[in-house]
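Lettering of chains follows the sequences in order, A, B, ..., and the numbering in each one begins at 1. Predicted model, so just to flag it, every value in this text is computed and none were measured.
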Number of protein chains: 2
Amino acid sequence: MAQATIRDVADYAGVSRATVSRVLNNHPYVTEDVRTRVEDAMRHLGYHPNRAARRLRAQSSDVMGLIVPDIQNPLFQSIVRGVEDAAYNNGMNVILCNTDDNPDKQEAYLRVMQAEQSAGLIVVPTHPGDGRVLAPVREAGIPIVFLDREVDDFEADTVKVDNVRGAYLAVRHLLSLGYKRIAAIAGTQYLTPGYERLRGYYDALNECGIPVDERLVKFGNFRIDSGRALAQEFMQSPHPPDALFVSNNLMTLGALRGLHEMGIVIPDQVALVGFDDMPWAGDLNPPLTAVAQPGYELGQQAVELLLKRLEQPNAPYRKVIMQPRLVVRGSCGAA
Amino acid sequence: MAQATIRDVADYAGVSRATVSRVLNNHPYVTEDVRTRVEDAMRHLGYHPNRAARRLRAQSSDVMGLIVPDIQNPLFQSIVRGVEDAAYNNGMNVILCNTDDNPDKQEAYLRVMQAEQSAGLIVVPTHPGDGRVLAPVREAGIPIVFLDREVDDFEADTVKVDNVRGAYLAVRHLLSLGYKRIAAIAGTQYLTPGYERLRGYYDALNECGIPVDERLVKFGNFRIDSGRALAQEFMQSPHPPDALFVSNNLMTLGALRGLHEMGIVIPDQVALVGFDDMPWAGDLNPPLTAVAQPGYELGQQAVELLLKRLEQPNAPYRKVIMQPRLVVRGSCGAA
DNA sequence: TTGAAAGCGCTAACAA
DNA sequence: TTGTTAGCGCTTTCAA
């Protein structure tokens with residue numbers, strides 16, 4: 001059985017194709033009688049409008065693209081769920097693209113999205129220089145919303161968390177517990193979360209009048225391995241820190257693993273606070289104190305921005321900053 | 001700037017639209033000269049072929065649908081990655097749909113996929129009765145590959161793990177360590193993994209001549225909460241088990257949490273083995289012994305089956321069973 | 001309130 | 001080797 005077309009429905013119902021189209025699109029000026037006849041025909045034939053045709057004709061679509069670096073990262077999972085639910089509630093569908101933080105892959109997906117006539121894009125960009133590839137997409141009429149990270153010289157609607165404050169909360173908490181030598185495992189500095197979280201770390205120290213010791217800051221790449229390596233470097237140094245602030249979830253997991261490998265007891269020998277909470281953070285050994293980002297809500301908010309933009313293409317750009325929350329568990333020595 | 005069309009390219013290059021199309025599709029019989037002229041024009045105009053039009057014309061697409069119950073479940077994450085990578089390598093794109101194990105949501109997504117003229121579907125069905133909604137999709141010419149779960153009265157290409165053997169391995173391991181009263185937290189019995197894993201549990205007991213004690217089997221729903229509740233029920237019973245076999249990752253996480261809440265020490269007071277490994281299973285407290293499914297490979301295999309099916313629509317259905325692996329860590333008392 | 005007809009961007013059969 | 005032409009399924013004037 002081949003797919004039924006609008007013509008089949010029209011023939012079956014004894015009306016014109018235009019009328020079927022009107023029923024499909026809830027136009028006024030269709031008699032109740034005709035409407036039911038057409039609807040019966042659709043049901044009978046198992047008709048589904050062909051989206052390719054619709055899109056071709058309407059020059060628009062009900063698909064939005066969501067471009068994220070890593071779907072295995074719990075933060076992006078929550079975000080994806082938030083985006084999907086919000087899109088679903090607004091009758092739109094989501095195409096999920098995973099870039100692995102690889103600009104080439106991102107570019108390929110952008111091409112796909114453009115060719116698909118996607119209605120809009122929610123993007124966690126791989127690099128601040130991505131404006132070069134993003135600009136043509138926007139010029140082709142596809143609006144872009146940034147999530148979590150920003151891009152140089154490219155204004156756009158943006159949703160992110162207050163990274164500075166999140167890091168500040170974490171480090172303040174450690175200070176309030178009496179830790180003196182708090183080390184930071186910082187993330188990729190060219191990415192928004194990377195430098196903002198480091199700034200929060202500095203802010204907290206400054207506020208308490210603690211001089212910054214540059215040997216207590218090391219830079220990783222937001223992945224598991226670098227967390228592990230840097231935590232071990234810190235603990236093997238002649239004068240190791242008494243607490244560790246780690247700038248994202250994966251590096252925190254790595255640090256945890258690295259410390260375990262060295263037989264270091266947390267928080268007795270070193271306290272640990274991570275950025276990004278995870279559903280199972282309380283089941284880790286020890287339960288992890290972490291700065292929680294509202295991932296689901298970030299995703300929802302991004303969809304809202306996109307929908308607003310679709311309605312009002314020329315409205316001024318909005319930037320929404322959401323507040324993170326410190327979740328205190330055992331790894332900082334307070335619980 | 002509006003999207004450039006094939007006509008613009010043709011005009012710019014001074015050739016016909018058909019020729020541009022030929023260049024686009026790598027047809028033979030295009031002179032090198034013309035080809036380069038057309039390619040220059042495309043580059044110059046920033047041309048991307050319109051997929052809606054292509055699809056409308058070709059009556060086929062390069063998009064495959066992937067329908068999974070829960071993208072926050074680490075197993076499905078690995079699967080998604082496997083599917084995406086394999087699809088990507090074959091020039092196809094993946095639309096990811098999250099059903100929450102909700103048949104209505106699944107049905108909605110099936111409608112979308114059908115209307116999108118998706119080339120094929122990889123489905124983790126929500127229910128054995130899903131054949132009713134799946135059959136019309138397949139009849140409309142969209143092949144379906146099952147992943148992880150099967151559906152009644154609906155033959156199709158299928159990829160899954162050897163659940164019986166996985167569970168068997170886990171329970172055998174516990175038996176070999178000397179545990180006598182091994183309880184099972186079983187999963188939803190109408191789902192393939194649910195009953196197969198329970199069978200593996202029975203098989204292992206039978207093989208060792210251990211009589212089955214029905215009080216040592218409780219049924220959950222594969223979610224966190226039921227794992228927590230059932231673990232606690234077991235441990236509060238007058239004659240608690242000395243080991244726990246839990247049928248999936250989420251319930252294992254729940255059991256872990258429940259046991260912690262009761263102050264029970266694992267594995268000293270009760271050993272724990274879960275089905276499904278997780279990237280951070282070694283960082284849990286205690287490190288978790290688990291049956292590892294090759295999620296990534298399952299995903300890749302599913303894509304292969306789908307591509308084969310696309311080539312040969314009438315070939316006999318294939319069922320691929322992949323082997324799981326027991327990863328021994330601390331929670332079973334062996335490491 | 002409905003129908004006829006044109007055309008969205010692309011591909012493929014046929015002709016040249 | 002290239003161009004002409006018809007048409008994929010749908011929406012939208014315009015006319016009736």
Using side chain to side chain donor-acceptor pair (under 3.5 Å) as the criterion, list what pairs up with A/T19, not counting sequence neighbours. A/S16
Side chain to side chain donor-acceptor pair (under 3.5 Å) partners of A/Q301, counting only residues at least two apart: none
Do A/Q300 and A/D85 pass the side chain to side chain donor-acceptor pair (under 3.5 Å) test, and can you show the C-alpha distance, the side-chain angles, and the key distance before you say yes or no? CA-CA 8 Å; A/Q300 288 194 308; A/D85 287 354; over 6 Å; no
For a 4.5 angstrom cut-off between non-hydrogen side-chain atoms, does A/V80 reach B/I71? yes
Main chain of B/A4, side chain of B/D8: is a donor-acceptor contact present, judged purely on distance under 3.5 Å? no
Among residues 32-44 of chain B, which ones have heavy-atom contacts with DNA chain D below 4.0 Å? B/V34
How does each nucleotide of nucleotides 8-16 of chain D score, in 5' to 3' order, for protein heavy atoms under 4.0 Å: base (B), sugar-phosphate only (S), or none (-)? BBBBBB---
Side chain to side chain donor-acceptor pair (under 3.5 Å), that's the test. Do A/T126 and A/D130 meet it? Break it down for me. CA-CA 7 Å; A/T126 63; A/D130 284 345; 2.9 Å; yes
Report the residues that fulfil ring pair (Phe, Tyr, Trp, His ring centres under 6.0 Å) with [X], sequence neighbours left out, ordered by chain and then residue number.
{"X": "B/Y12", "value": "B/H44"}
{"X": "A/F76", "value": "none"}
{"X": "B/H127", "value": "B/Y190"}

Output every pair passing side-chain hydrogen bond (donor to acceptor under 3.5 Å, both in side chains) with a member in residues 143-158 of chain B, not counting sequence neighbours, ordered by first then second residue. B/D101-B/R149, B/E150-B/K160, B/E150-B/K319, B/D157-B/R309
Pairs satisfying ring pair (Phe, Tyr, Trp, His ring centres under 6.0 Å), at least one member in residues 138-160 of chain A, at least two apart: A/F146-A/F154
With a strict under 4.0 Å distance from non-hydrogen atoms of chain A, what nucleotide opens and what nucleotide closes the contacted stretch of DNA chain C, reading 5' to 3'? C/dT1 to C/dG9
Difference in axis direction between the ends of the helix from C/dT1-D/dA16 to C/dA16-D/dT1, five pairs, 10°: 40°
Please report, to 0.1 Å, the donor-acceptor pairs under 3.5 Å made by any side chain of residues 26-35 of chain B, with sequence neighbours excluded.
| from | atom 1 | to | atom 2 | distance (Å) |
| --- | --- | --- | --- | --- |
| B/D33 | OD2 | B/R37 | NH1 | 3.3 |
| B/R35 | NH2 | B/H27 | O | 3.2 |

